[in-house]
Colleague: 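Okay, here's the structure, questions in a sec.
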Amino acid sequence: MIQRFVFGNPIDTEAVVKTIAPSEGAPEGWEIDEAGRQIKRNLNASDIVYGLGETVRGLNKRGWQYISNNTDEPHHTEDRRSLYASQNFLLILGDSTHGIFVDTPGRVTFDIGYTKPDDLVITLDDFDVNLYVVEAGDPAEAVREFRQLIGKSYIPPRWAFGFGQSRWSYMNEAEVRDVVKSYREAGMPIDSVYLDIDYMDSYKDFTVSEERFPDLAGFTKEMRGEGVHLVPIIDAGVKMENGYDVCDEGKAKGYFCKDENGEDFVGAVWPGKVHFPDFLKPEVREWFGSLYGRLLDLGIDGFWNDMNEPALFYSQKRLKEVLGSLQGLDADTMDIDSFFAMAERVGSLFNNKEDYKSFYHTYHGQKIRHDKVHNLYGFNMTRAAGEAFARMAPDKRILLFSRASYIGMHRYGGVWTGDNSSWWSHLLLSMQQQPALNMCGFLFAGSDIGGFNCDVTEDLLIRWLEADLFTPLYRNHSAKGTRRQEAYQFGSQETFRNILNLRYALIPYIYHAFMKAQQEDGMYISPLSFGFPHDARARQVEDQFLIGEALMIAPVYTQNATGRYVYLPERMKLLRMRAVDDYDEEVLEPGDTYVPAALNEVLIFLRQGKSLPLSEPAESTSALDWNASRVIRFDD
Ligand code: GLC
C-alpha cells in the first residue's frame with residue numbers, strides 16, 4: 001500500500017506517474033517537524049536501511065549522513081555525502097517493511113543513525129514535499145509497489161548488454177579502429193566504443209571534429225560492419241561562441257538559464273564558457289532533444305549524457321571577483337595565512353554553492369532559482385533526449401545513460417556511477433550501488449570497470465570484469481593520463497578472453513532477467529534479503545547478490561585473494577567458472593563456507609530447481625546465437 005502526504009507547496013518533479021489522493025496527517029511511525037523542516041523515525045537495533053541509489057558506503061546505509069545534492073564529485077571516498085545523483089528512496093527492513101520517497105527537487109539530508117545511532121532524520125532545505133510511504137509484506141513487494149508509482153524502467157537495445165570500451169579519449173578514427181582490431185585479434189568480444197569529448201569540434205555539442213573524424217557517418221557504418229556501435233558523449237553546457245548555431249539559436253530563443261539580471265548565465269566547463277539550457281522548459285527539451293537527431297542521422301544509436309549536475313568549474317562572475325581579490329598579492333611579502341586564504345579562494349571557484357543560487361529556470365511558467373530544483377537538471381536533460389528518440393526513432397531502442405539523475409529519469413535512460421578510481425574498495429562499491437539503483441528504477445546501470453581515475457592493475461581489472469559479469473552496463477572506461485586499460489593491454493590474455501566470452505555466453509540470461517525485472521517492476525540485482533527475507537544472517541550480507549531468480553554471485557574484491565567466505569542461505573550448486581566450457585560444479589550445504597577462487601575463476605551459485613542457460617560466445621551481440629548451447633541445472 002502507498003500513501004501520499006503533502007506538506008507545503010511542493011513542486012511537481014514528475015518523478016511519479018500515478019496520482020494518489022493525499023492522506024491527512026502524518027505517516028504512521030514518522031514524526032513531522034515542519035518548523036525544523038524534519039521528518040524523523042526511530043530505528044530498531046536490527047532495522048536495515050536500504051536505498052538512496054548511487055551513494056558511498058555499503059548496502060545498509062545506517063551509520064552515515066547522505067546529502068541529495070547532485071555534485072560533480074570525482075572523489076568517491078567514504079567521507080563524501082553527495083555524489084552525482086539524488087534518488088531519495090529509502091527501504092527499511094525490520095519486523096515489517098516500509099519505504100519512503102521524499103519527492104522534492106532541492107537539497108535533502110538523510111541522517112541515518114549518524115548523529116544518533118537509532119534515529120533516522122531527514123532534513124529538507126525547503127519543507128515543500130510530497131512524501132510517499134510504502135507498507136509491504138516484504139522488500140520485493142515494497143519495491144514493486146514503489147516502482148509502479150514511478151513508472152516503467154528504460155530498456156536499452158540488446159547490443160548495449162555487450163562489452164563496451166571507453167577512454168577519455170580515443171582521439172581519432174585510427175585510434176578507434178586500433179581498439180576494435182586489437183580486441184578482435186585477441187579473440188575478445190566487443191560491441192561498442194565510446195567517443196569522449198574530443199570527437200567534437202572544440203567540445204561543442206552536436207558537432208564533430210573534421211580533423212579527427214572527417215566522415216563520422218562513413219566511419220559509423222564501417223564500425224557497424226565490425227559489429228561495433230560508436231557511442232558519443234553529450235555534455236550539458238553549450239559552448240558560448242558566435243556563429244555556433246546551437247548557441248546562437250539557444251540565445252535567440254531564450255532557451256538558456258538566466259542570471260539575476262535576466263541575462264544568459266555564464267558558467268565554465270570543458271568547452272570553456274558555456275550557457276546551460278533550461279531543460280525544465282518543455283520547448284527547450286524539444287529543441288535540445290531534436291539536436292541528437294544530427295548524430296542519429298549519421299548512424300549513431302547510443303549516447304551518454306555528462307556534466308549534467310550541472311558541473312560548474314567556475315562562474316564568470318565569481319572568477320572576476322576572485323581574480324580581482326588576488327590583485328596586489330605579492331609573492332615576496334605574502335605570509336602563510338594569506339597564501340592559504342588565496343588557495344581557498346581559488347579552490348572555491350569549483351562547483352560553488354552560491355553560484356547554484358545565482359541562476360534561474362522557468363518551471364511550469366514560474367521563475368525559480370536553480371538550487372530549488374537543482375536535482376532535476378540531469379533528469380530533464382536525459383528526458384529531452386529520451387522524448388526526442390521516441391519522436392524521431394519510435395521503432396528503435398537507443399542507448400542512453402546519464403551521470404546526474406533523479407527518480408523519474410529511470411523511464412528515459414540508465415546511469416553510470418561517474419568518476420570512480422582504480423581501487424579495490426571501488427570494485428566493491430560499484431557492486432553495492434547496483435541494488436540501491438534498482439530499487440529506484442535504474443535497472444540499466446554500471447560503473448567504470450577498472451576504475452576511471454588512477455592506474456589500474458591487471459588483477460584489479462580481471463576481478464572487476466568478473467565481479468561485474470552480470471552488470472547490465474558493462475563498460476571499461478578510464479581517464480586521460482592514466483595507464484591504458486583495454487583488456488588486450490595486459491599479459492593474461494587467456495583470462496581476459498575467457499571472462500569476456502563468458503559475459504557473452506551469459507547475455508541471454510542477463511537480458512531475460514533484466515526484462516523480467518523491467519516488466520514486473522522487480523529487482524535485477526538484489527541483496528540476499530530479497531530472496532531470503534526471514535533469514536537474519538542473509539540480511540547482514542553486504543557482498544553477495546542475487547541476479548534474477550536463478551543465481552547468487554559472490555565476487556572476489558580484495559587484492560591477492562585466492563578465495564573468500566560465502567554465506568549460503570540454502571543448498572546451492574557452486575559453479576566455479578574459468579570459461580564457458582571449463583568449470584567445476586559442486587553442491588554446497590547452507591552456512592558459511594570458504595570457497596577458493598583463483599584469479600581466473602568466477603563464483604556463480606545456482607539456486608535449487610533453477611537452471612542457467614549458456615550460449616555460444618560470439619565476437620559481438622549481432623553474431624550471438626541466443627539459443628542456449630548448454631544448460632547447467634540444479635534439480636531439487
Ligand atoms: C567527466 C566524466 C568522464 C569523462 C570526462 C571527460 O569526468 O565523468 O566519464 O571521461 O568528464 O569528458
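Order of appearance sets the numbers: ligands from 1, and atoms from 1 within every ligand. Note that the structure is predicted; figures quoted are calculated from it, not measured.
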Colleague: Residue-level breakdown please: for Trp304 versus ligand 1, do any non-hydrogen atoms fall below 4.0 Å on the side chain, on the backbone, on both, or on neither?
Modeller: side chain

Colleague: Heavy atom under 4.0 Å from ligand 1: found in Ile233's side chain, backbone, both, or neither?
Modeller: side chain

Colleague: Kindly check if the number of other-residue, nucleotide or ligand heavy atoms within 6.0 Å of NZ (Lys317) is above 12?
Modeller: no

Colleague: Quick one: does Arg475 get an N or O within less than 3.5 Å of an N or O on ligand 1?
Modeller: no

Colleague: Starting from atom 12 (O) of ligand 1, locate the nearest protein heavy atom and write down its residue, its atom name and how far away it is, to 0.1 Å.
Modeller: Asp196 OD1, 2.6 Å

Colleague: Give every donor-acceptor pair under 3.5 Å between a side-chain atom in residues 223-237 and any protein atom, sequence neighbours left out.
Modeller:
unit_1: Arg224; atom_1: NH1; unit_2: Asp301; atom_2: OD2; d: 3.2
unit_1: His229; atom_1: ND1; unit_2: Asp301; atom_2: OD1; d: 3.0
unit_1: His229; atom_1: ND1; unit_2: Asp301; atom_2: OD2; d: 3.1

Colleague: Record the part of Trp416 in heavy-atom contact with ligand 1 below 4.0 Å; permitted values are side chain, backbone, both and neither.
Modeller: side chain

Colleague: Give the numbers and elements of all ligand 1 atoms closer than 4.0 Å to a heavy atom of Trp270.
Modeller: 6 (C), 11 (O), 12 (O)

Colleague: Where on Asp306 is there a heavy atom closer than 4.0 Å to ligand 1, on the side chain, on the backbone, on both, or on neither?
Modeller: side chain

Colleague: At what distance is the nearest protein heavy atom to atom 9 (O) of ligand 1, and which residue and atom is it?
Modeller: His477 NE2, 3.0 Å

Colleague: Check whether more than 12 heavy atoms from other residues, nucleotides or ligands sit under 6.0 Å from atom CG of Asp79, and answer yes or no.
Modeller: yes

Colleague: Taking 4.0 angstrom as the limit, do Asp72 and Arg403 come out as a salt bridge?
Modeller: yes

Colleague: What is the closest protein heavy atom to atom 8 (O) of ligand 1, and at what distance does it sit?
Modeller: Asp419 OD1, 2.5 Å

Colleague: Can you give me every donor-acceptor pair (side chain of residues 430-446, partner residue at least two apart or in another chain, under 3.5 Å) with its distance?
Modeller:
unit_1: Ser430; atom_1: OG; unit_2: Leu427; atom_2: O; d: 2.8
unit_1: Gln432; atom_1: NE2; unit_2: Glu542; atom_2: O; d: 3.1
unit_1: Gln432; atom_1: NE2; unit_2: Glu542; atom_2: OE1; d: 3.4
unit_1: Gln433; atom_1: NE2; unit_2: Thr55; atom_2: O; d: 3.4
unit_1: Asn438; atom_1: OD1; unit_2: Tyr524; atom_2: N; d: 2.9
unit_1: Asn438; atom_1: OD1; unit_2: Ile525; atom_2: N; d: 2.8
unit_1: Asn438; atom_1: ND2; unit_2: Gln434; atom_2: O; d: 3.3
unit_1: Asn438; atom_1: ND2; unit_2: Phe442; atom_2: O; d: 3.2

Colleague: Could Arg294 and Asp297 be called an ion pair, given the rule that one side-chain N must be under 4.0 Å from one carboxylate O?
Modeller: no

Colleague: Any N/O of Arg403 closer than 3.5 Å to an N/O of ligand 1?
Modeller: yes

Colleague: Would Arg475 count as a cation-pi partner of Trp416, with NZ or CZ less than 6.0 Å from the six-membered ring centre and within 45° of the ring normal?
Modeller: yes

